[in-house]
Enquirer: 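I am attaching a structure below and will ask some questions about it afterwards.
Below, all heavy atoms of this structure are taken into account, side chains as well, without hydrogens, waters or symmetry copies.
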Amino acid sequence: QVQLVESGGGLVQAGASLRLSCAASERTFSSAALGWFRQAPGKEREFVAAIYWTGGTTYYANSVKGRFTISKDNAKNTVYLQMNSLKPEDTAVYYCAAGSRMTATNAQPNYWGQGTQVTVSS
C-alpha cells in the first residue's frame with residue numbers, strides 16, 4: 001500500500017505563489033506516476049497535473065498551464081507542484097494521487113493523499 005503525504009497548502013492573496021509537496025512511501029508499478037487533483041466546494045474533483053517517475057513526462061490541465069509546474073525528486077520519492085500567479089478560482093483542497101496511468105485525459109489513481117487546503121483571496 002503506497003502512502004502519500006502532502007504538505008504546503010495555505011492562504012495567500014491572488015497573484016502569489018505556493019509550493020505543494022507529496023512524499024510517497026515507495027514507487028511501484030501501480031504508482032508509476034504521481035499527480036495532483038483538486039476539489040472546490042460544490043464541484044467535482046478535477047485533474048491538475050501529473051508526472052511519471054521514469055522519463056519525467058508531464059501533463060497539465062488547461063486551466064493551470066503556464067502557471068503551475070510539476071516536478072519530482074526521485075531520490076526523495078517526492079513530487080512538487082509549484083503554483084504561480086494564483087487566482088481565487090484555484091481555491092480548493094488539493095489531493096496528491098498515484099497511479100499506473102495519469103494523463104490529462106485519462107487519470108486513474110490507485111492511491112490518494114489526505115488533501116491540503118489552498119485558499120486564494122482576491
Enquirer: Which atom names give the shortest non-hydrogen contact between Arg38 and Ala92, and what distance separates them?
Expert: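 So the minimum-distance heavy-atom pair works out to CB-CB, 3.8 Å.
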
Enquirer: At what distance, to the nearest 0.5 angstrom, does SG of Cys22 lie from CD1 of Ile70?
Expert: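 If I round to the nearest 0.5 Å, the distance is 9.0 Å.
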
Enquirer: Are Thr105 and Phe47 side-chain neighbours, meaning at least one heavy-atom pair lies under 4.5 Å?
Expert: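 A side-chain contact is absent here, since even the closest heavy-atom pair is not under 4.5 Å.
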
Enquirer: OG of Ser21 to CG of Leu4: how many Å apart, nearest 0.5 Å?
Expert: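 The distance works out to 12.5 Å.
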
Enquirer: Just how far is it from atom CD of Gln13 to atom OG of Ser121, taken to the nearest 0.5 Å?
Expert: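 Here the rounded value is 5.0 Å.
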
Enquirer: Just wondering, are more than 12 heavy atoms of other shown residues or ligands nearer than 6.0 Å to CD in Gln3?
Expert: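 No, the 6.0 Å shell around CD holds no more than 12 heavy atoms from other groups.
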
Enquirer: What do you reckon, is CD of Glu44 surrounded by more than 12 foreign heavy atoms closer than 6.0 Å?
Expert: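 No, CD of Glu44 has 12 or fewer neighbouring heavy atoms, counting only those of other groups under 6.0 Å.
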
Enquirer: Between Glu89 and Thr91, do the side chains contain a donor N or O and an acceptor N or O under 3.5 Å apart?
Expert: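 No, because no side-chain N or O of Thr91 sits under 3.5 Å from a partner of the opposite role on Glu89.
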
Enquirer: Rounded to the nearest 0.5 Å, how far does CE of Met83 lie from OG1 of Thr69?
Expert: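 It is 11.0 Å, given to the nearest 0.5 Å.
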
Enquirer: Atom OG1 in Thr54, atom CG in Asn74: separation rounded to 0.5 Å?
Expert: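 The distance works out to 7.0 Å.
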
Enquirer: Pair Asn84, Gln82 - check side chain to side chain donor-acceptor pair (under 3.5 Å), show working.
Expert: CA-CA 6 Å; Asn84 298 329; Gln82 178 67 42; 2.9 Å; yes

Enquirer: List the steps and the verdict of side chain to side chain contact (heavy atoms under 4.5 Å, CB included) for Gln39 and Glu46.
Expert: CA-CA 6 Å; Gln39 187 167 22; Glu46 63 176 2; over 6 Å; no

Enquirer: Please report the closest heavy-atom contact between Leu81 and Ala49, naming both atoms and the distance.
Expert: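 That would be CD1-CB, 4.1 Å.
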
Enquirer: Kindly state each residue pair satisfying salt bridge (Lys or Arg N to Asp or Glu O under 4.0 Å) with at least one member in residues 60-71, sequence neighbours excluded.
Expert: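 Pairs touching residues 60-71 that pass the test: Arg67-Asp90.
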
Enquirer: Are Leu86 and Leu20 linked, directly or through intermediate hydrophobic residues, by side-chain heavy-atom contacts shorter than 4.5 Å (ILVMFWY only)?
Expert: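 In one cluster: yes.
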
Enquirer: Hey, could you give me the OG1/OH distance between Thr103 and Tyr59, rounded to the nearest 0.5 Å?
Expert: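 That separation rounds to 6.0 Å.
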
Enquirer: Distance-only, no hydrogens or angles: does the Trp53 side chain make a donor-acceptor pair with backbone N or O of Leu34 under 3.5 Å?
Expert: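 Looks like no, no N/O pair under 3.5 Å.
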
Enquirer: According to ring-ring contact (aromatic ring centres under 6.0 Å, His included), does anything in residues 93-122 pair up with another residue at least two apart or in another chain? List the pairs.
Expert: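 As it turns out, the ring-ring contact (aromatic ring centres under 6.0 Å, His included) pairs with a partner in residues 93-122, which skip direct neighbours, are Phe37-Trp112.
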
Enquirer: For Val2 and Ser31, which heavy atoms make the closest approach, and how far apart are they?
Expert: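 Between these two residues, the closest heavy atoms are CG2-OG, 3.9 Å.
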
Enquirer: Quick one: ring-ring contact (aromatic ring centres under 6.0 Å, His included) pairs with a partner in residues 63-84, sequence neighbours left out?
Expert: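 ring-ring contact (aromatic ring centres under 6.0 Å, His included) check on residues 63-84 returns no pairs.
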
Enquirer: Side chains of Asn110 and Ser100: does their closest heavy-atom pair fall under 4.5 Å?
Expert: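 SC-SC contact between Asn110 and Ser100 confirmed.
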
